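First the structure, in the form of structure tokens, and then the observations on it.
These figures come from a predicted structure and were not determined experimentally.
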Amino acid sequence: VQLQASGGGLVQPGGSLRLSCAASGSNIFSINVMGWYRQAPGKERELVAAINSGVGKKLVDSVKGRFTILRDDFKNTVYLQMDSPRAEDTAVYYCNADGVVSAPGRRGMTYWGKGTKVTVSS
């Protein structure tokens, strides 16, 4: 299973940016949770947003009201819509897929994407 993230880049404060992450592979039956983490220079990696197969969502307090997480199970893709980003949102954003099951009854696995850099600056 591979996670391919895209959409990072330079965005102005108050602008918008959309990150996408597609999970691919012949052995994906279902994915429990898909999410985004980020790591800023000199800081630990932190959860930004996650969404489970039941469409339950979790967002870190600092992005609530500004970021939205969505998923398309037909495409095994998760999106992070970043509205009104701030300088403190600058980081490398990593896609995560947890509980990836290849067949019913099989053990779920966790996968990470390589990361996409987001820079918020004027």
**Message:** What's the separation between atom CG in L59 and atom NZ in K64, rounded to the nearest 0.5 Å?
**Reply:** 7.0 Å
**Message:** Which residues pass the salt bridge (Lys or Arg N to Asp or Glu O under 4.0 Å) test with R66, not counting sequence neighbours?
**Reply:** D89
**Nearest heavy-atom neighbours spanning D83 and S16** = OD1-OG, 2.9 Å
**Message:** Are there over 12 heavy-atom neighbours, none belonging to Q2, within less than 6.0 Å of that residue's CD?
**Reply:** no
**Asked** Cation over ring, R18 on Y79, under 6.0 Å and within 45°?
**Response** yes
**Request:** Find the distance between CZ (F67) and CG (L19) and round it off to the nearest 0.5 Å.
**Result:** 8.5 Å
**Request:** Tell me, please, which residues at least two apart from Y37 pass ring-ring contact (aromatic ring centres under 6.0 Å, His included).
**Result:** W112
**Asked** Should the heavy atoms of other residues, nucleotides or ligands under 6.0 Å from CD of Q4 be counted, would the total exceed 12?
**Response** no
**Asked** What is the minimum heavy-atom distance between P85 and G15, and which atoms define it?
**Response** CD-O, 2.9 Å
**Message:** Strictly by disulfide bond (SG atoms under 2.5 Å apart), give each pair with a member in residues 78-113 just once, sequence neighbours left out.
**Reply:** C21-C95
**Prompt:** Any side-chain heavy atom of L70 within less than 4.5 Å of one from V78?
**Reply:** no
**Message:** Could you report the tightest heavy-atom contact between R86 and S62, atom names first, then the distance?
**Reply:** NH1-O, 4.0 Å
**Item:** Rounded distance [0.5 Å steps], CG in N96 versus CZ in R45
**Value:** 9.0 Å
